[in-house]
Undergrad: 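Would you mind keeping the following structure in view while I ask a few things?
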Amino acid sequence: MDSWFASIAQMDRTFVYVFQGILRYFVPALAAFILLRTVRPLLTFRREPEIWAWLCLTNGKMLPLTHWENMVGRSKRSDVVIDVPTISRTHAVLTRYDDGSWTIADAGSKSGVFVNGEKIDICALEPEDIITIGGIPMKLKPRSREQEITLSQLRTKAANPVVSVMNTLLLTALQMLICFSYLMTAKVEVAGSIFAGFAGIVVCQWLLLGFYLFIRKPSFELETIVFFLCTLGMAAISAVKPGETVKQLIAMVMGLGLFLSLGWILRDLERVKKLRYYAAAAGILLLIITLVFGKEYHGAKNWLIIGSLSIQPSELSKVCFVFIGAATMDQIVNKKNLILFIGYTLAICACLAVMNDFGTALIFFVAFLLIAYLRSGSVGTIALACTSLGFAGVIALKIAPHALRRFTSWRHIWEDPLNTGYQQTRSLMCIASGGLLGLGAGNGFMKNVFAGDSDVVFATLSEEWGLLICLMMVACIIVFGLFSVRTAAMGRSSFYTIGSCTAAGILLVQTMFNVLGTLDVLPLTGVTLPFVSNGGSSMICAWGLMAFVKAADTRQDASFAVRQSQEGRPEDE
């Protein structure tokens, strides 16, 4: 194997130059073709909501229940709107369970909720029970077996196995070309590491696709995009720190394990409710352990060193935070739960402030804003929270000199290009030198710049592979956000909707901070670029967040987080 790597490294320089010249045009074209094939199904599927049951009024009117959890009230924001003065704006919550049973709960209404004439707080429903809300009687009518089958067939079907296999073949070809281009310019002693990194990604994606085909879930669009991003990350590491490709591959495998484990957990909402408390404890415990035993780097005490391994526990806490923040409707209408979540958020941010990790604290705060808005729909609450952040930010800059230095150099990098502005001035020059198509693998200067594979990885990839590839990279993250918004209208449960939108929001905000920080549009906060930046904790976290996005995919036979009956028909999850 070493002799093979040596023969590649000793290839004629003219051939290498011509080959890389061809790749400068071919790689962006192939990448664009792959992404067009994978992105289009994610943004064009039909969004007709499924009907799980009906509320039948005495006047013969049938109101459809299109979610597992339905808010009934007079407000236009309710899932079931009954515009009668005696009904409160948010009056009751109708909830469906895995076994097909339903319950109704009072949502703090003025007149209460009655079942068969008895006032209740929460009650299991039978088909003939008479529900009275605001003096209006009604019955719950579950859908029939025939309606069930008909409605399930209306779902947009996921990609067929042939399309998924073809997309993966195209991605494999792209990965082989990028890998070969780095092997031609790399030193023999690191060639094996580079080859192992790219080969490992190829093996993982085919094993995952094989697993999906085995369980009859052929949709592989989201995963294809993620593996494309991981490939670009491996390219950046091969250019800057080729000896760390295997370490990043191991982190990706661990992230895949978390992705599949979370997907299994999210198949059952009752299991999710039980595990939320353990996730809350794990999220805060990880930060407390870091406070006690962590090591400080570049002004922030956010690393745990275990032997030769370095871990950033705050990255893993993000997954726990989304798990805690997402909530079912019966928890949303309970103000006590929201107060507890606010307290939990304050505890998380306080730990991060003591650790001087203000970049991560800002990510958590943005996640909190997303969750708070999705839970309450109150713009006023968000405005108040943002005002509080402004005051907290001023205090943080006063007590954290390293954070203040980043802000003072923001928009002034050219005034001190050899010191505080070194990273960003070199990044901007390298992005300009790379142009639209790049200089070719291993031909960039960014490998000599600190954090060229993490904090300013956008510049490294722009220089070597061109701005077009990097714009596609950013577009991939944006697609996750757009897909989450599209699936929200069909969300089976508010838990999946909030979890998916928040997870995609975190990925989007991290991308924005990383890319715009590199370009000096925003201060450089040291936030990683999901799936691309070198960092095991970041990679594991990004895969964990993708589990929430995948679980919200209600297309027919699309998500492994959606149960399937033995007959092959999607079950009433």
Side-chain angles (χ1 to χ4, degrees), residues 46-156 269 328-334 374-377 486-497 554 570-573:
R46 296 193 308 272
R47 296 194 294 171
E48 295 88 347
E50 294 177 276
I51 298 174
W52 299 94
W54 285 266
L55 269 182
C56 302
L57 306 184
T58 53
N59 62 4
K61 188 175 183 180
M62 297 175 65
L63 304 174
L65 303 180
T66 56
H67 307 283
W68 291 356
E69 303 147 355
N70 300 268
M71 178 67 72
V72 182
R74 186 162 40 90
S75 169
K76 292 182 179 180
R77 292 187 301 182
S78 297
D79 300 298
V80 180
V81 179
I82 305 177
D83 193 8
V84 177
T86 55
I87 293 180
S88 301
R89 294 181 62 81
T90 55
H91 201 112
V93 176
L94 280 163
T95 304
R96 186 184 187 281
Y97 294 89
D98 290 342
D99 59 1
S101 63
W102 289 82
T103 64
I104 188 168
D106 192 345
S109 64
K110 293 181 180 179
S111 58
V113 176
F114 296 81
V115 176
N116 298 326
E118 294 185 12
K119 190 174 183 179
I120 57 95
D121 290 323
I122 184 170
C123 177
L125 293 175
E126 298 296 334
E128 296 303 317
D129 286 344
I130 298 176
I131 306 164
T132 305
I133 298 175
I136 299 177
M138 59 192 74
K139 285 185 178 182
L140 179 73
K141 180 183 178 183
R143 64 187 187 181
S144 66
R145 179 76 170 181
E146 292 73 20
Q147 291 169 333
E148 212 171 283
I149 296 172
T150 301
L151 288 168
S152 68
Q153 291 172 346
L154 292 177
R155 290 185 187 180
T156 299
L269 268 180
T328 50
M329 190 65 70
D330 57 337
Q331 296 168 327
I332 290 175
V333 298
N334 188 332
L374 289 167
R375 284 179 124 184
S376 67
R486 286 186 62 84
T487 58
M490 307 184 307
R492 296 161 286 158
S493 165
S494 58
F495 182 92
Y496 296 114
T497 298
T554 57
E571 250 184 6
D572 304 343
E573 299 83 24

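Every value quoted in this text rests on a predicted model; they were computed, and no experiment measured them.
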Undergrad: Any side-chain heavy atom of Leu55 sitting closer than 4.5 Å to one from Leu65?
TA: yes
Undergrad: Grab the two heavy atoms, one from Pro137 and one from Thr58, that are nearest each other, plus how far apart they are.
TA: CG-CG2, 3.5 Å
Undergrad: If you take all heavy atoms of Ser78 and Met71, which pair is closest and at what distance?
TA: CB-O, 3.5 Å
Undergrad: Any idea which heavy atoms bring His67 and Trp102 closest together, and the distance?
TA: O-CH2, 3.9 Å
Undergrad: Please report the shortest heavy-atom distance between Glu69 and Thr95, naming the atom on each side.
TA: CG-CG2, 4.1 Å
Undergrad: Please report the closest heavy-atom contact between Thr497 and Ala488, naming both atoms and the distance.
TA: CG2-CB, 3.6 Å
Undergrad: What is the distance from atom CD1 of Ile104 to atom CD1 of Ile122, rounded to the nearest 0.5 Å?
TA: 10.0 Å
Undergrad: Hey, does the side chain of Asn116 reach the backbone of Ile130 with a donor-acceptor pair shorter than 3.5 angstrom?
TA: yes
Undergrad: Checking Ser109 side chain against Gly112 main chain: does a donor-acceptor pair fall under 3.5 Å?
TA: yes
Undergrad: Counting only heavy atoms not in Asp121, do more than 12 fall under 6.0 Å of its CG?
TA: no
Undergrad: So Leu94 and Val80, do their side chains get closer than 4.5 Å, heavy atoms only?
TA: no
Undergrad: Between atom CH2 of Trp68 and atom CG of Leu269, what is the distance when rounded to the nearest 0.5 Å?
TA: 5.0 Å
Undergrad: So, taking the atom named NE2 in His91 and the one named OG in Ser111, what distance separates them when rounded to the nearest 0.5 Å?
TA: 3.5 Å
Undergrad: Of all the heavy-atom pairs spanning Val113 and Ala92, show the shortest one and how long it is.
TA: CG2-CB, 3.9 Å
Undergrad: Is a side-chain N or O of Ser75 found less than 3.5 angstrom from the main chain of Arg89, in a donor-acceptor match?
TA: no
Undergrad: With rounding to the nearest 0.5 angstrom, report the CD1 to CD1 distance, Ile82 to Ile87.
TA: 4.5 Å
Undergrad: Quick check: does any side chain N or O of Ser88 sit under 3.5 Å from a backbone N or O of Lys110, one acting as donor and the other as acceptor?
TA: yes
Undergrad: To the closest 0.5 Å, what do you measure between CZ (Arg74) and CD1 (Ile133)?
TA: 13.5 Å
Undergrad: For Leu63 and Val72, run side chain to side chain contact (heavy atoms under 4.5 Å, CB included): C-alpha distance rounded to whole Å, both residues' side-chain angles, the deciding distance at 0.1 Å, then the answer.
TA: CA-CA 10 Å; Leu63 304 174; Val72 182; over 6 Å; no
Undergrad: Got a second to check how far Ile131's CD1 is from Leu57's CG, nearest 0.5 Å?
TA: 10.5 Å
